[in-house]
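Let me begin by presenting the structure, written as structure tokens, before commenting on it.
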Amino acid sequence: MNSLESFSKIVPNTSTSSGLGNHILTDVEVKARRLINGLNTSVYDNSNEPSIGLYRIQEHVRKTVPVLIEKNAEMENQTNKLKGSKYDLEYSIDAVQKVSGSESIVESIKQLMIESFELAKKINNKKNASQSASRGTESVSRTNN
């Protein structure tokens, strides 16, 4: 059924066979056809509107998801690097704190080393004195011979 037949059913007492009202009828027909076509287009667009919207969303997702996945992988990589740096920094801080806390131990080692050097000097002095004494007795015994 074309739009003219639809119009004839909707608007009573219209016929295309009368010669006098033919010009007026065609003008009304044109306007009615435009109206019906506009309504058909509106109904078609409105019925497909959700599909078009979902298609646009799908297009957007298809374009952006690979980029987002790449960025996510990059973020995980940077997060792992940051965690490693954080661990290194915490380890370094802990080591520095332990070294600064061991000041009394280092001082104790220093005192022990000083005492060791003093004892070593005394031992060397005694060895030298005993060697000198033994040389002195040897030289006396040689002169006696």
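Counting from 1, the numbers follow the sequence of the chain as shown.
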CZ of Arg33 to OG1 of Thr26, rounded to nearest 0.5 Å, is 9.5 Å
- Message: For Lys122 and Glu118: C-alpha separation, side-chain torsions, deciding distance, then whether salt bridge (Lys or Arg N to Asp or Glu O under 4.0 Å) applies.
- Response: CA-CA 6 Å; Lys122 287 180 183 178; Glu118 289 175 3; 5.9 Å; no
Between the OG1 atom in Thr79 and the CD atom in Glu74, the distance rounded to the nearest 0.5 Å is 10.5 Å
With sequence neighbours left out, the residues meeting salt bridge (Lys or Arg N to Asp or Glu O under 4.0 Å) with Glu59 are Arg56
The reported gap from CG in Leu112 to CG in Leu119 (rounded to nearest 0.5 angstrom) is 10.5 Å
- Message: Check whether Ser130 reaches the backbone of Lys126 with its side chain - one donor and one acceptor, N or O, closer than 3.5 Å.
- Response: yes
- Task: State plainly whether one hydrophobic cluster holds both Tyr91 and Leu82, where clusters connect Ile, Leu, Val, Met, Phe, Trp and Tyr through side-chain heavy atoms under 4.5 angstrom apart.
- Result: no
Tyr44 meets the side-chain hydrogen bond (donor to acceptor under 3.5 Å, both in side chains) criterion, sequence neighbours left out, with Asn48
The reported gap from CD in Gln111 to OG in Ser116 (rounded to nearest 0.5 angstrom) is 11.0 Å
- prompt: Should we count CD of Glu103 as having more than 12 external heavy atoms under 6.0 Å?
  reply: no
For Leu35, the hydrophobic cluster (side chain heavy atoms closer than 4.5 Å, chained through members) also holds Leu39
Salt bridge (charged side-chain N to carboxylate O under 4.0 Å, His left out) pairs touching residues 77-94, sequence neighbours excluded, are Lys86-Glu90, Asp94-Lys98
Here the gap from Lys121 atom NZ to Ile123 atom CD1, rounded to the nearest 0.5 Å, amounts to 13.0 Å
For Val65, the side chain to side chain contact (heavy atoms under 4.5 Å, CB included) test, sequence neighbours excluded, returns Val61, Ile69
The reported gap from OG in Ser102 to CD in Gln97 (rounded to nearest 0.5 angstrom) is 12.0 Å
Going by chain and number, the hydrophobic cluster around Leu68 (ILVMFWY, side chain to side chain under 4.5 Å) further includes none
